[in-house]
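These values consider heavy atoms only, across backbone and side chains, with no hydrogens, waters or symmetry-generated copies. Lettering of chains follows the sequences in order, A, B, ..., and the numbering in each one begins at 1.
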Amino acid sequence: MTNPAPNQANQASKQAPKQAPNQAPNQSSNQAPKKASKGLKLTGLIVLALIAVALCPFLGAELIPLKAIMTPGHPEAEVFWALRVPRTIAAFLAGSGLALGGMVFQALFRNPLATPYTLGVASGASLGASVYFWLGISFLGGIGPLGASLLGAGLSMALVFLATRSQGGLSTPVMLLAGVIVNFFFSSLVLFIQYLSSASDSLRIIGWLMGSLVGLETARLADLGFIVLTGGIVIRSLAPEIDLLVSGEEIAASRGVEVARTKLIIFIVASIMVGAIVSLTGPIGFVGLMVPQAARWVLGWSHRILTVAVFFLGGAYLAAADLLARVILAPAEIPIGVITALAGGPFFLFTLFSVRRKGQLL
Amino acid sequence: MTPILEVKGFSLVLGGVGLLKDISFTVNDGQYLSIIGPNGAGKSTLVKALLRLHNGVKTTGSILINGRDLHSYPRKELARLIGYAPQAGGWIPPYTIRELVLLSRYPRPDKKRDLAASDKALTLTGLTALADRPLNSLSGGERQKAYIAAALAQETPILALDEPSAFLDPKHAFELDSLLKDLNLTHHLTVITVTHDLNHPALAGGLALVLKKGNLLFFGEANALFKGSILEEAFEHRFIHLAHPNDGRPVVLSQ
């Protein structure tokens, strides 16, 4: 149909110079104090997190005094620099990566119960490690539990991606469903393998599944650091897009976000980061669930600052959990995954009570 | 003059179901278009198609914005042309009104204007006093206005709104109608709005478009909509046609 002439009022209005509705002069805004307050909170969180992390290597079964670490050749300095510092750094990096993974999946799925493991990466890594322990060190030419779990994580990623793409596009609900299915299926396979395994292999599998930083080679710290920092930078650079995705995919697209591309980048980066961490440490639970939630309570949902806060808070949380794991039954060590899981239960209860008080989970 | 929006023989199929069938119409810069029709007619589908918001659909025909094919626009460029306010139902983002409005500045490279533009959008929609309230603490109507403010903050020449007055009481619906008319007349914005208020096209003036089961039943001057039995045919319902006692514009009442 052709377009009839515009109504008279519209014609009259065209005599006026064209003006967008928002071309008003700058108005006063109360954004500045709010931003400053959030900036202050973020700075406070970072300082607290760094202090906590800096203290961790000094504490343990034996307290190491500051003076000792300054003395070259001192046995305690050796323990401090060769064992505790790398271990604390590993805990920090793993905690940061897992917390960031949880944060982006919670944003992507708009669900605070999402975890870095929701899309099945951890169960894939667990399956790889379980198969390795079951079949023995000759499996795949002796690639080690790290190689096997990386393979498993990659397999789960590929399956989730292909299953999602098979339905056309990159639908978030389909991705979530595919992740949950892969998660359950691979977890069942892990149980099956455990059933088939000898008692000693089964114990090794259980030990791996609990998550632990024991035995993490110092040589792997650089790899871990590279993956977590790269992942963190990519996620931080996508903060505006993530904020808009939280508003809903339709709104995000209407504001100019390339939704499918952004989701794909988030999926790949977060999965690689989480897959690599889990392959190195086993599936340490609850960090990715609790830390982003706690950070949001203090700082809200702006991922520009939340990403930074979650990075430091996640790292500090896991470094502190690792400290507890080292001291509670010293000289024996509790797997760190047990500590985070024990803290997770009460946190969940607290969250639920808080939901009731605030009226909304998010 | 190139129309700001030109839809030519546009059809849209989702999961084998034809939701829009051979739709053609043009809207010139600065016009006001009211889209009406019964539930399931394809009104929201049409508006979303103008923003390329559909996934997994098959389309034929074309949609041109400023004479250029819709699909040739990068998303950010399109977001600088069409501001969009969705229906306020469903998911409530965990943001304050101000945060939601500021997020709409995403496609705009001029970050220095963000605060001024969002403040202006809040003022226009009367939301300044509520700006720091979380969306989940607002009524449906207030939330709807927040989405309109967010669309305004995009500072686009076209505003597309999906049932903007759905949750508003008569007073606020009237205020919103006045705002949209003012944006259209004073600021020369092209307004495209889906509405269930059959009296809205006559009040707003401009153009009206009627959809029924994905087909275009009527497109033309809003006043012509009330002549004949177009509304009766569209809604399969009888209406009482009256003249408004204040200004004589056509008014319909449900039988």
For chain A, find which of B/Pro107, B/Ala131, B/Ala222 contributes the most heavy-atom pairs closer than 4.5 angstrom.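 The answer is B/Pro107.
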With a 3.5 Å distance limit and no angle check, can you tell me whether A/Arg110 reaches the backbone of B/Ile92 through a side-chain donor-acceptor pair? no
Shortest non-hydrogen contact from [X] to [Y]?
X	Y	result
B/Pro86	A/Glu250	CB-OE1, 4.4 Å
B/Ala79	A/Ser254	CB-O, 3.3 Å
A/Arg255	B/Ser104	NE-OG, 2.9 Å
A/Val246	B/Pro93	O-CB, 4.3 Å

Cationic N near anionic O, under 4.0 Å, B/Glu99 to A/Lys38: yes
Contact part of [X] toward chain A, heavy-atom cut-off under 4.5 Å: side chain, backbone, both or neither?
X	answer
B/Lys181	neither
B/Tyr147	both
B/Leu78	neither
B/Tyr95	side chain
B/Ala150	both
B/Leu122	neither

Mind checking what makes side-chain contact (heavy atoms from CB on, under 4.5 Å) contact with B/Ile230, not counting sequence neighbours? B/Val210, B/Phe218, B/Leu225
Heavy-atom count around B/Asp182 CG within 6.0 Å, excluding the residue itself: above 12? yes
Is it true that, when you exclude A/Arg165 itself, more than 12 heavy atoms of the residues, nucleotides or ligands shown sit nearer than 6.0 Å to its CZ?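 Atom CZ in A/Arg165 is not crowded, with 12 or fewer foreign heavy atoms closer than 6.0 Å.
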Which distance, rounded to the nearest 0.5 Å, do you find between the CG of B/Leu103 and the CG of A/Leu245? 10.5 Å
Does any backbone or side-chain atom of A/Val259 lie under 4.5 Å from a heavy atom of chain B? Answer side chain, backbone, both or neither.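 Looking at A/Val259, nothing touches chain B.
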One pair to check against side-chain contact (heavy atoms from CB on, under 4.5 Å): A/Ser247 and B/Leu100. What are the steps and the verdict? CA-CA 8 Å; A/Ser247 302; B/Leu100 182 82; 4.2 Å; yes
